[in-house]
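Take a look at the structure below.
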Amino acid sequence: MSLRLYNSRTRALEDFAPLEGNRVRIYMCGLTPSADPHLGHARSMLFFDVLRRYLEFLGYAVTYVQNVTDIDDKIIRRAADEGVAWYEVVEKYYGSFVASLERLGVRRPDVEPRATEHVPKIVEIIRGLEQKGIAYESDDGVYYSVRAWPKYGQLSGRHIDELLESVRIDASERKRDPLDFALWKKQKPGEPAWESPWGPGRPGWHIECSAMSWEYLGEPFDIHGGGLDLIFPHHENEVAQTEPLLAGKPMANFWVHTGLLFFDGSKMSKSLGNFVPLDEELRRHDPRALRTLFLQIDYRKQANFTVDSISAATKGLQRLGETLAELARRGGVERIDGPGALDALRSPSPAVEGMARAFREALDADMNTAGALAVLFGWLAAARTLEGDQAAQAARALYGALWILGVAPAGDRLAAPRVEATLDAARAAALRSLCERLCGYANSGGVREWVEAILDLRRQARQERNWRRSDELRDALAGAGIVVKDSKEGSTWTVVD
RNA sequence: GGCGACAUAGCCAAGUGGUAAGGCAGAGCUCUGCAAAAGCUCCAUCGUCGGUUCGACUCCGACUGUCGCCUCCA
C-alpha cells in the first residue's frame, strides 16, 4: 500500500517513492504577482498543501519550495500604469495572495524564493547553456536555441515543427529561430535591471524556476508542481534549460499538474478578466467551505466554480464538524491541532481501523480527496454510536483526517456556538435597541451580552410555558440576524450571514 | 488547422470489466410546545450509435456536445 501519483512526465500513474532517503523535495510554481490572485490560484496551492500534508502523514520529511516570479513584463507594465515601483506592485499583490492563502489554511512554504534575488544562479545556468552551444547572445538578450536540444517538446507533447506553424513572430525580438525564448533580457530605457555578463538586464520568464529549484532542492528533485496551463511553455522551457546540464537525468522525477478552474463556464484568467479577486471571494464564503469544495473535485479535472456549489460544501462540512464535536465531547478529547493529530490515524484503534484504511486507500489513489471525504461521511453514522474511549479514538482519528485535508474546525466551534459578533454595525445597533426595549437596558458588553439578556427573558417565558412570548422573542432576534435553536441541553444561537 | 481533456441522478461529484461513493437539494419518519438543528430511511444505470466480451458505465471505434493548450496565465 503506497501512494500512487499521476506523473505528467511519463503520462502514467506511478508508485511514489523519494529519490533520496526519506526526504521529499517539492517545487511548486507560485505566482507572478502582477494582478489580484483568484480562486484558480488558490485551487492549485490548496491541492499541493494537501499533498504536502499527506506526505508528512506518510512519514516523509517534506521540503516545499514555492517561488515568486517578482519581475516580468506585466509587473513592469503594471507599475507604469499605477505610477509605482515594480517592487511595490509585487508587494501589493503577493501580500494579498499570502494573506488569502493563510485564511484558506494553506501552510506557508518552507522557502519562497524570488527571481530577482537569484540572479547569480540564473547567470550560472545561462553560462552553462552557452558553453553547451544551446544559448546564444543577440542584440537584445540571450536566447535559448530550441533546436539545439533534441528533447524539446517532450514534456508537453509538442513537436517543434507543429509549434512553428502557429507561432507568433515578434519582429522586435532578435532571435535566430521564432521558437527560441529569452533567457536574459537586456535592459530597455526605464526598466529595472541587474548586472550580468551580458550587461544590465533581467531574467526571462522560465529561467528563475530552473535556478531556484536547483538552488534549494538540488537536481534532480522529487516533485515539480503547477497548474496545467504551465506545462507549455513554462515547464517545457524549464526542463529544456535544466536537463542539458544534468547528464541525462530528468529535472524532476514527478510532474504533477492541477486542473484549471472555470467560472461560469470559462477559464478564470487574468487576461480574460472574468474572475473575482481571491480576497473578495474569501469575504463572501467560509474559507474551509471553499477548501471542501475543491477537495470534492478530482485535482486534475477542470472544475467549474459556481456560487451554488459552495453552499453544499458548507453544509456538509458543518455536519462533519458537529459529529466531531460530539465525539470529542463524549470521549473527553480536547482539540488536537497539527501533526499531533495524526497518530490516531496512523495506528488506528479497532473502532476506526476501517475508516483509517479506506481514507488512506483513497488518498493513495492519486490523491482522491473526494473519495477520502466520502469515506469520512460514510463513517459518520457508525461513529455516532461510539462512546467513551472508542469515541475518543474516533475523535482523534477524525482530527487527524481533517488535518490532512486542512478542514479541521476552528477551536471555538467545538467549545461553544460562535459568539463573537460578526454582525455589521447596523444590525448590531438594531440588536442593542431591541435589548433596551425588551430588558429596559442594554449594557456595554456588546452583541453577545445583548443576545444572552434577551434569551434569558425567553428562557423565563419557556419555563412558564408562555410559548407565544417565546416565539415572539425568537422572531425578534431573527429579525436582528440572530437564529436561535433549541435543544434538550438549552438554546444556542448563531449569527446569520 | 494541430494536440488534448471531459460528458455519471435537480445541482456538485467519486468510481470499477461483473450489475453505480459522497455532499447539497427533495420526500417520509424520529425528536420537539412549535420552529430550527440533529438523527434514521428513500431517491440514478452512467451523452448517442456500433464493436469486443459469458458480462461494459468501465475496453475499442464512430458521432454529438462542452472545454482547454498551441500567446501571458495556477
Side-chain angles (χ1 to χ4, degrees), chain A residues 11 28-32 34-35 37-48 66 69 72-74 77 97 153 156-159 161-170 205 225-234 236 257-262 265-272 275 278 289 292-293 295-298 300-306 308-320 322-323 326 358 362 365 368-381 384-385 417 462 465-468 470-471 474-475 478 483-488 491-494:
Chain A
R11 287 161 223 268
M28 170 70 175
C29 276
L31 198 69
T32 300
S34 64
H38 55 68
L39 220 43
H41 297 106
R43 184 191 183 192
S44 299
M45 307 305 161
L46 226 51
F47 172 72
F48 275 88
Q66 187 178 93
T69 299
D72 87 326
D73 293 346
K74 276 184 296 180
R77 207 178 312 134
F97 182 59
S156 60
R158 319 275 151 145
H159 300 285
D161 296 322
E162 285 170 2
L163 285 168
L164 203 52
E165 290 172 19
S166 55
V167 79
R168 188 167 64 186
I169 297 168
D170 188 341
W205 185 43
L228 195 61
D229 53 350
L230 290 179
I231 196 165
F232 188 89
H234 186 55
E236 188 67 57
H257 290 100
T258 57
L260 300 183
L261 187 66
F262 294 73
S266 63
K267 181 181 157 186
M268 273 195 199
S269 104
K270 291 180 199 173
S271 53
L272 293 176
F275 69 92
L278 184 54
T292 308
L293 178 64
L295 292 175
Q296 283 178 314
I297 306 169
D298 182 337
R300 289 198 281 137
K301 270 193 183 164
Q302 296 179 4
N304 191 25
F305 177 80
T306 62
D308 291 340
S309 52
I310 197 74
S311 72
T314 308
K315 298 224 172 116
L317 189 62
Q318 266 167 13
R319 271 182 55 217
L320 219 46
E322 307 270 2
T323 301
E326 178 61 21
N368 183 353
T369 52
L373 223 34
V375 167
L376 261 29
F377 278 110
W379 171 74
L380 246 36
R384 279 187 206 101
T385 65
R462 281 163 61 81
R465 306 184 70 81
N466 186 348
W467 307 124
R468 190 169 159 184
S470 166
D471 290 347
R474 185 169 66 201
D475 293 343
V483 177
V484 178
K485 297 167 188 172
D486 301 319
S487 71
K488 291 171 209 99
S491 303
T492 61
W493 57 277
T494 49

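Throughout, protein chains are lettered first and strands after them, A, B, ... in sequence-line order, and every chain is numbered starting at 1.
- Nucleotide B:A25 forms no Watson-Crick or G-U wobble pair with any nucleotide shown, as no partner meets the under 3.5 Å limit on both distances.
- Between the CD atom of A:Gln296 and the P atom of B:U8 there is a distance of 17 Å, rounded to whole Å.
- Between the C1' atom of B:C12 and the CG atom of A:Leu317 lies a distance of 15 Å, rounded to the nearest Å.
- A donor-acceptor pair is defined here as one N or O able to donate and one able to accept, closer than 3.5 Å; such a pair exists between the side chain of A:Thr323 and the backbone of A:Arg319.
- In this entry the distance linking CG of A:Asn368 with P of B:A14 reads 8 Å, nearest Å.
- Separating the C1' atom of B:U64 from that of B:G10 is a span of 23 Å, rounded to the nearest Å.
- The separation between A:Leu228 atom CG and B:C6 atom P is 11 Å, rounded to whole Å.
- Taking 3.5 Å as the limit, the base of B:G33 and the side chain of A:Arg462 contain a donor-acceptor pair of atoms between them.
- Using atom C1' as the reference point in both B:C72 and B:U58, the two lie 39 Å apart (nearest Å).
- A:Ala362 comes within 4.0 angstrom of nothing in the nucleic acid, heavy atoms only.
- Residue A:Ser470 is in base contact, counting any heavy-atom pair closer than 4.0 Å across all strands shown.
- Rounded to a whole angstrom, the distance from the P atom of B:A9 to that of B:G15 is 16 Å.
- Nearest heavy atom pair, residue A:Glu236 against residue A:Gly153, reads OE2-N, 2.7 Å.
- Rounded to the nearest Å, the gap between the P atom of B:U52 and that of B:C70 is 41 Å.
- B:C46 and B:A14 have their C1' atoms separated by 12 Å, given to the nearest Å.
- For A:Arg384 and B:C40, the shortest distance from a side-chain N or O to OP1 or OP2 is below 4.0 Å.
- Here the side chains of A:Arg43 and A:Leu39 are not in contact, with every heavy-atom distance at 4.5 Å or above.
- The base of B:A38 does not come close enough to the side chain of A:Arg319 for any donor and acceptor atom to sit less than 3.5 Å apart.
- In this entry the distance linking CH2 of A:Trp379 with C1' of B:A21 reads 17 Å, nearest Å.
- The distance between atom NZ of A:Lys485 and atom C1' of B:A36, rounded to the nearest whole Å, is 7 Å.
- Base pairing analysis places B:U30 opposite B:A38; the two distances defining the Watson-Crick or G-U wobble pair are each below 3.5 Å.
- Heavy atoms of A:Gly30 sit under 4.0 angstrom from primed sugar atoms or phosphate atoms, though from no base atom.
- As a whole-Å value, the separation of A:Gln318 CD from B:G39 C1' is 16 Å.
- The phosphate of B:G68 (OP1 or OP2) has no side-chain N or O of A:Lys301 nearer than 4.0 angstrom.
- Listed by chain and number, the residues in a salt bridge (charged side-chain N to carboxylate O under 4.0 Å, His left out) with A:Arg158 amount to none (sequence neighbours excluded).
- With a cut-off of 3.5 Å on both pairing distances, B:U53 has no Watson-Crick or G-U wobble partner at all.
- The residue A:Leu260 sits close to a base: some heavy atom pair falls under 4.0 Å.
- Across all strands shown, nothing is found opposite B:U58 as a Watson-Crick or G-U wobble partner with both distances under 3.5 Å.
- When the C1' atom is compared between B:C12 and B:G51, the two are found 34 Å apart, to the nearest whole Å.
- Residue contacts shown for A:Gly378 are absent, as no nucleic acid heavy atom lies under 4.0 Å away.
- Across all strands shown, B:A44 has no partner, as no Watson-Crick or G-U wobble contact with both distances under 3.5 Å is found.
- The base-pairing partner of B:A20, taking Watson-Crick or G-U wobble contacts with both distances under 3.5 Å, does not exist among the strands shown.
- Within the shown strands, B:A7 is the pairing partner of B:U64 under the Watson-Crick or G-U definition, both distances less than 3.5 Å.
- No side-chain heavy atom of A:Arg77 sits under 4.5 Å from any side-chain heavy atom of A:Ser34.
- Atom-to-atom, CG of A:Leu380 to P of B:U41 comes out at 12 Å; the value is rounded to the nearest Å.
- The nearest heavy atom of RNA chain B to A:Ala303 and to A:Gly157 marks one nucleotide each, and the one closer to the 5' end goes with A:Gly157.
- Among the atoms of the strands shown, none is found under 4.0 Å from any heavy atom of A:Arg300.
- In terms of polar N and O atoms assigned as donor or acceptor, the side chain of A:Asn304 never comes within less than 3.5 Å of the base of B:C67 in a complementary pairing.
- Side-chain atoms of A:Thr314 come within 3.5 Å of backbone N or O of A:Ile310 as a donor-acceptor pair.
- B:A20 and B:A56 are spaced 14 Å apart, taking the P atom of each and rounding to whole Å.
- Taking atom P on both B:C24 and B:G39, the two are 9 Å apart, rounded to the nearest angstrom.
- Residues A:Leu31 and A:His41 are in side-chain contact: their nearest non-hydrogen atoms beyond the backbone lie under 4.5 Å apart.
- Here A:Trp467 lies parallel enough and close enough to stack on the base of B:G33, with planes under 30° and ring centres under 5.5 Å apart.
- No hydrogens or angles were tested; on distance alone, nothing pairs the side chain of A:Arg158 with the base of B:C3 as donor and acceptor under 3.5 Å.
- At the heavy-atom level, A:Val375 lies nowhere under 4.0 Å from the strands shown.
- When both distances must be under 3.5 Å, the Watson-Crick or G-U wobble mate of B:U71 does not exist.
- No side-chain heavy atom of A:Asp161 sits less than 4.5 Å from a side-chain heavy atom of A:His159.
- Note on A:Asp486: a base of the nucleic acid sits closer than 4.0 angstrom, heavy atoms only.
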